[in-house]
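Within every chain, numbering begins at 1; the chains are lettered A, B, ... in the order of the sequence lines, protein sequences first and strands thereafter. Below, all heavy atoms of this structure are taken into account, side chains as well, without hydrogens, waters or symmetry copies.
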There are 2 protein chains.
Amino acid sequence: MCRNAYMQLLWGEFVMKAYTEVFKALGDPTRLRIIHLLTLAGKELCVCEFVDSLEEPQYNISRHLKELRQAGLLTERKEGRWVYYSLNKDGGNFKDSLFKLVRSISVDKEDAKRLKERLGIRVKGECVLGIQKSYLLSKKGGGVRVKKTMS
Amino acid sequence: MCRNAYMQLLWGEFVMKAYTEVFKALGDPTRLRIIHLLTLAGKELCVCEFVDSLEEPQYNISRHLKELRQAGLLTERKEGRWVYYSLNKDGGNFKDSLFKLVRSISVDKEDAKRLKERLGIRVKGECVLGIQKSYLLSKKGGGVRVKKTMS
DNA sequence: TGCATATATGCATTTCTACACATATAATAT
DNA sequence: ATATTATATGTGTAGAAATGCATATATGCA
């Protein structure tokens with residue numbers, strides 16, 4: 001892998017950056033709650049389930065999920081209109097230990113409580129309903145969908 | 001500790017913020033290298049030893065050390081003009097696991113190599129010489145000290 | 001007392017980050 | 001086909017963070 005000193009330097013910086021990105025990704029309340037929720041759930045979760053559980057606007061959840069995926073912490077699986085995210089444990093022991101660590105964090109249990117409720121409306125283990133708390137579709141609009149047809 | 005639901009909410013947010021700050025603190029290359037170096041060293045290190053080992057300007061090291069201390073990851077001990085920093089393991093298993101995790105990171109070993117050299121000039125286990133790489137005192141100046149007396 | 005040295009910090013600048021609004025994209029349902 | 005729905009993203013903005021310079025603070029020493 002590393003042919004010479006220069007390559008080692010580059011490789012070292014590359015690896016260091018990867019680890020830095022992981023910690024940076026966890027250094028935000030919403031993203032930490034996302035990972036924490038996934039470690040508690042023990043299974044993949046759908047975007048709308050994150051939204052209803054964490055009570056954050058849909059566009060925020062989507063963006064944070066993307067960052068976590070880019071940091072290598074999540075994988076996504078598309079199923080029709082639904083997108084499920086799960087913990088990405090590829091690549092050695094590091095992430096496994098990290099996820100155990102995040103799981104051990106003792107925060108208030110409201111997120112988990114709301115997730116449990118939300119998971120209750122799955123059918124055959126699959127997500128079949130979108131965001132239930134319509135005020136989370138956007139922040140101001142209260143769930144109003146803008147029509148495409150105009151004038 | 002938590003008398004009612006409102007207190008629990010506040011407490012939960014407080015704790016979540018504390019964990020977030022920890023991860024955020026590690027989400028910077030220099031700070032991650034500082035913690036990594038400390039986990040490898042297994043003992044307290046002096047500011048000038050960080051500077052020579054990580055080859056970052058003194059003012060940057062000072063600032064990053066401060067942030068790590070404010071995040072609860074470091075403690076400092078003053079000994080005359082010298083200030084030693086060590087890992088702060090207070091407060092349950094979380095930080096212990098975290099430090100083990102950081103220790104397990106495999107990055108290039110230049111930092112550790114330079115630290116080993118630098119520790120060679122300690123006397124009776126104590127730091128007795130300041131920054132050896134004078135170009136790290138500031139970035140541009142090359143170690144020039146400005147006189148106080150003027151005009 | 002005055003200078004040297006180890007560390008910390010005020011300030012300005014630039015870059016990043018998170019958020020909110022609106023809207024796009026893609027798949028489903030009618 | 002067209003409307004609906006689940007998710008993603010372009011854009012503007014405000015606040016945070018990293019950096020570099022200069023200098024302050026504090027301790028030790030001559």
Side-chain angles (χ1 to χ4, degrees), chain A residues 20-21 24-32 34 45-52 56-71 76-85 126-150, chain B residues 20-21 24-25 27-32 45-52 56-71 76-85 126-150:
Chain A
T20 303
E21 293 305 314
K24 195 184 295 179
L26 295 175
D28 171 272
T30 304
R31 291 195 295 268
L32 187 53
I34 286 173
L45 296 176
C46 189
V47 175
C48 54
E49 293 169 336
F50 286 112
V51 173
D52 280 331
E56 286 286 323
Q58 178 267 326
Y59 53 79
N60 272 348
I61 294 293
S62 270
R63 280 215 169 78
H64 285 307
L65 287 170
K66 183 181 182 181
E67 277 193 70
L68 288 166
R69 185 167 49 75
Q70 288 177 334
E76 71 174 28
R77 183 177 70 86
K78 300 197 181 189
E79 175 101 15
R81 278 178 296 183
W82 281 268
V83 183
Y84 294 88
Y85 285 86
E126 296 197 343
C127 185
V128 294
L129 285 177
I131 295 168
Q132 296 303 292
K133 302 174 181 176
S134 60
Y135 60 94
L136 295 171
L137 279 170
S138 73
K139 191 95 176 188
K140 273 270 178 61
V144 175
R145 294 273 184 172
V146 178
K147 292 271 192 183
K148 270 181 192 169
T149 47
M150 51 183 91
Chain B
T20 303
E21 293 305 314
K24 194 185 296 179
D28 171 274
T30 304
R31 292 196 294 267
L32 187 55
L45 296 176
C46 189
V47 175
C48 54
E49 293 169 336
F50 285 112
V51 173
D52 280 331
E56 286 285 325
Q58 178 268 325
Y59 54 79
N60 270 348
I61 294 293
S62 269
R63 280 215 171 79
H64 286 308
L65 287 170
K66 184 181 182 181
E67 279 194 69
L68 287 166
R69 185 167 49 74
Q70 288 176 334
E76 71 175 29
R77 183 176 70 85
K78 300 198 180 188
E79 175 101 16
R81 277 177 296 182
W82 280 268
V83 182
Y84 294 88
Y85 285 86
E126 295 197 344
C127 185
V128 294
L129 284 177
I131 295 167
Q132 296 302 292
K133 302 173 181 176
S134 60
Y135 60 94
L136 295 171
L137 279 171
S138 73
K139 191 93 175 189
K140 273 272 177 59
V144 175
R145 293 274 184 171
V146 180
K147 292 272 191 182
K148 269 180 192 168
T149 47
M150 51 183 90

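Proximity of B:Lys78 to the phosphate of C:dA6: no side-chain N or O atom is located under 4.0 Å from OP1 or OP2. Applying the 4.0 Å criterion to OP1 and OP2 of D:dA18, one finds that B:Arg31 has a side-chain N or O inside that range. Regarding contacts with the backbone of C:dC19, a side-chain N or O of A:His64 is found under 4.0 angstrom from either OP1 or OP2. At least one side-chain nitrogen or oxygen of A:Asn60 sits closer than 4.0 Å to the OP1 or OP2 atom of C:dA20.
In this structure, the CG atom of B:Leu45 is 12 Å from the P atom of C:dT7, given to the nearest Å. Rounded to whole angstrom, the span from the CD1 atom of B:Ile61 across to the C1' atom of D:dA18 amounts to 13 Å. One interatomic measurement links the two molecules: CD of A:Gln132 to C1' of D:dA6, which rounds to 12 Å at whole-angstrom precision. Separating the CG atom of B:Leu136 from the C1' atom of D:dT19 is a distance of 15 Å, rounded to the nearest angstrom. As a whole-Å value, the separation of A:Arg69 CZ from D:dA8 C1' is 10 Å. The distance between atom CD of B:Gln70 and atom P of D:dA16, rounded to the nearest whole Å, is 14 Å. Rounded to an integer number of Å, the gap from B:Glu126 CD to D:dT27 P is 17 Å. B:Tyr135 has its OH atom 14 Å from the P atom of D:dG20, to the nearest Å.
You'll find a donor-acceptor pair under 3.5 Å spanning the side chain of A:Gln58 and the base of D:dA8, going by distance alone.
Heavy-atom distances to DNA chain C give each of A:Gly80 and B:Ser62 a nearest nucleotide, and the one nearer the 5′ end belongs to B:Ser62. Comparing B:Leu129 and A:Asp28, the nucleotide of DNA chain C nearest to each residue sits closer to the 5' end for B:Leu129.
Comparing D:dT7, C:dT7, D:dA17 by their nearest atom to the side chain of A:Trp82 picks out D:dT7. Comparing D:dG20, D:dA8, C:dT7 by their closest approach to the side chain of A:Glu76 singles out D:dA8. Distances from the side chain of B:Val83 to the nucleotides C:dA27, C:dA8, D:dA8 place C:dA8 closest. Checking D:dT7, D:dA6, C:dA4 against the side-chain heavy atoms of B:Arg81 singles out C:dA4 as nearest.
When heavy atoms are screened at a 4.0 angstrom cut-off, A:Glu67 is found touching the sugar-phosphate backbone but no base atom. When heavy atoms are screened at a 4.0 angstrom cut-off, B:Tyr85 is found touching the sugar-phosphate backbone but no base atom. Across all strands shown, B:Phe50 has no heavy atoms under 4.0 Å from either base or sugar-phosphate atoms.
Heavy atoms only, all atoms of each residue included: B:Thr20 and A:Asp28 are closest at CG2-N, 3.5 Å. Pairing each heavy atom of B:Trp82 with each of B:Cys46, the nearest pair is CD1-SG, 3.0 Å.
Looking at residues two or more places apart in sequence or on another chain, you find a salt bridge (charged side-chain N to carboxylate O under 4.0 Å, His left out) between B:Arg77 and B:Glu44, B:Glu79. The salt bridge (charged side-chain N to carboxylate O under 4.0 Å, His left out) test applied to A:Lys66 returns no partner, not counting sequence neighbours.
Screening B:Leu65, B:Ile61, B:Leu45 for a side-chain contact (heavy atoms from CB on, under 4.5 Å) with B:Tyr85, the sole residue that qualifies is B:Leu65. The one candidate from B:Glu56, B:Gln58, B:Gln132, B:Lys133 that meets the side-chain contact (heavy atoms from CB on, under 4.5 Å) condition with B:Val51 is B:Gln58.
Remark: the backbone N or O of A:Leu137 is not paired with any side-chain donor or acceptor of A:Tyr59 at under 3.5 angstrom. The backbone N or O of B:Ala25 lies less than 3.5 Å from a partner atom in the side chain of B:Arg31, making a donor-acceptor pair.
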N/O contacts under 3.5 Å, protein versus nucleotides 10-14 of chain C?
unit_1	atom_1	unit_2	atom_2	d
C:dG10	N7	B:Arg63	NH2	3.1
C:dG10	O6	B:Arg63	NH2	2.6
C:dC11	N4	B:Arg63	NH2	3.2

